[in-house]
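A short write-up of the structure that comes next.
Order of the sequence lines fixes the chain letters, A, B, ..., with proteins taken first and strands second; residue numbering starts at 1 for each chain.
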Amino acid sequence: DAGVIQSPRHEVTEMGQEVTLRCKPISGHNSLFWYRQTMMRGLELLIYFNNNVPIDDSGMPEDRFSAKMPNASFSTLKIQPSEPRDSAVYFCASSLVQGSANEQFFGPGTRLTVL
Amino acid sequence: SQKIEQNSEALNIQEGKTATLTCNYTNYSPAYLQWYRQDPGRGPVFLLLIRENEKEKRKERLKVTFDTTLKQSLFHITASQPADSATYLCALDQTGANNLFFGTGTRLTVIP
């Protein structure tokens, strides 16, 4: 398996522009997680899906952030409009949830810079 | 407030020694705790999981303990090697949920 795939790997954009990050989870996994990592705040969960349904989006910082999972093999995280404080590394992770303890498999991340 | 604290931002040890990393938490009631390794420019990689009813878990040179009374987990790497140099993250759940909360990590450097 190729693992979790994220694109793009790097994104540089100007303040006010729309940014879309993409994720393909591991085939057969039924949960997908979006995280943001910064030096100041570490790794923070933004939202997670179970069977393509958003379960907990309490970590989404503002209405400027939205996430979708139209099918089991694809998810997007959109920021509109982007701001400099959104600069971070965004990770997607997937997991096969069976019972109560499940390891997560992370993608390589997208490094976002908003100028 | 809820906190997950890892003992130090950085830890340097000599090759061959045992590295011990600490993870303390407050205002969580985790059913399990996980440890991940993260190398620069990469996503975290799962290492070990320990459940609340387990005191200790081992995998090769790695050992994890979990004390729910002290609200603490210790992560040991024995016979450390320069290749063990990385950032190590602890993560725990909130009972009943499948999402994880991560500590800020400890950057370990093993000096040859």
field: Proximal to chain B - members of residues 106-115 of chain A, heavy-atom separation under 4.5 Å
entry: A:Phe106, A:Gly107, A:Pro108

field: Residues which pass side-chain contact (heavy atoms from CB on, under 4.5 Å) with A:Asn71, listed by chain and number, not counting sequence neighbours
entry: A:Ser73, A:Phe74

task: Using a heavy-atom cutoff of under 4.5 Å, enumerate the residues of residues 58-69 of chain A that contact chain B, numbered in order, or state 'none'.
output: none

task: Classify the side-chain pair A:Gln104/A:Tyr35 by whether it contains a donor and acceptor separated by less than 3.5 Å.
output: yes

query: Quick check: does any side chain N or O of B:Ser80 sit under 3.5 Å from a backbone N or O of B:Lys17, one acting as donor and the other as acceptor?
result: yes

- prompt: How would you list, by chain and number, every residue that makes a side-chain hydrogen bond (donor to acceptor under 3.5 Å, both in side chains) with B:Glu60, sequence neighbours excluded?
  reply: none

B:Pro44 and A:Leu43, any side-chain heavy atoms less than 4.5 Å apart: yes

- request: State, with a plain yes or no, whether a side-chain heavy atom of B:Leu49 is found less than 4.5 Å away from one of B:Phe66.
  value: no

query: Do the non-hydrogen side-chain atoms of B:Tyr25 and B:Thr68 ever get within less than 4.5 Å of each other?
result: yes

message: Can you tell me which portion of A:Leu45 sits under 4.5 Å from chain B's heavy atoms? Options are side chain, backbone, both or neither.
response: side chain

message: Is it true that A:His29 and A:Ser95 share a donor-acceptor pair across their side chains at a distance under 3.5 Å?
response: no

Proximal component of B:Phe101, with respect to chain A [non-hydrogen, under 4.5 Å]: neither

task: May I ask you to test the B:Lys59-B:Trp35 pair for a side-chain heavy-atom distance under 4.5 Å?
output: no

- prompt: Is there side-chain contact between B:Tyr28 and B:Lys71, with at least one heavy-atom pair below 4.5 Å?
  reply: no

task: Indicate yes or no for a side-chain donor-acceptor contact from B:Arg37 to the backbone of B:Leu47 under 3.5 Å, with no hydrogens or angles considered.
output: no

statement: Comparing A:Met39, A:Gln37, A:Glu44 against chain B, the one with the most heavy-atom pairs below 4.5 Å turns out to be A:Gln37

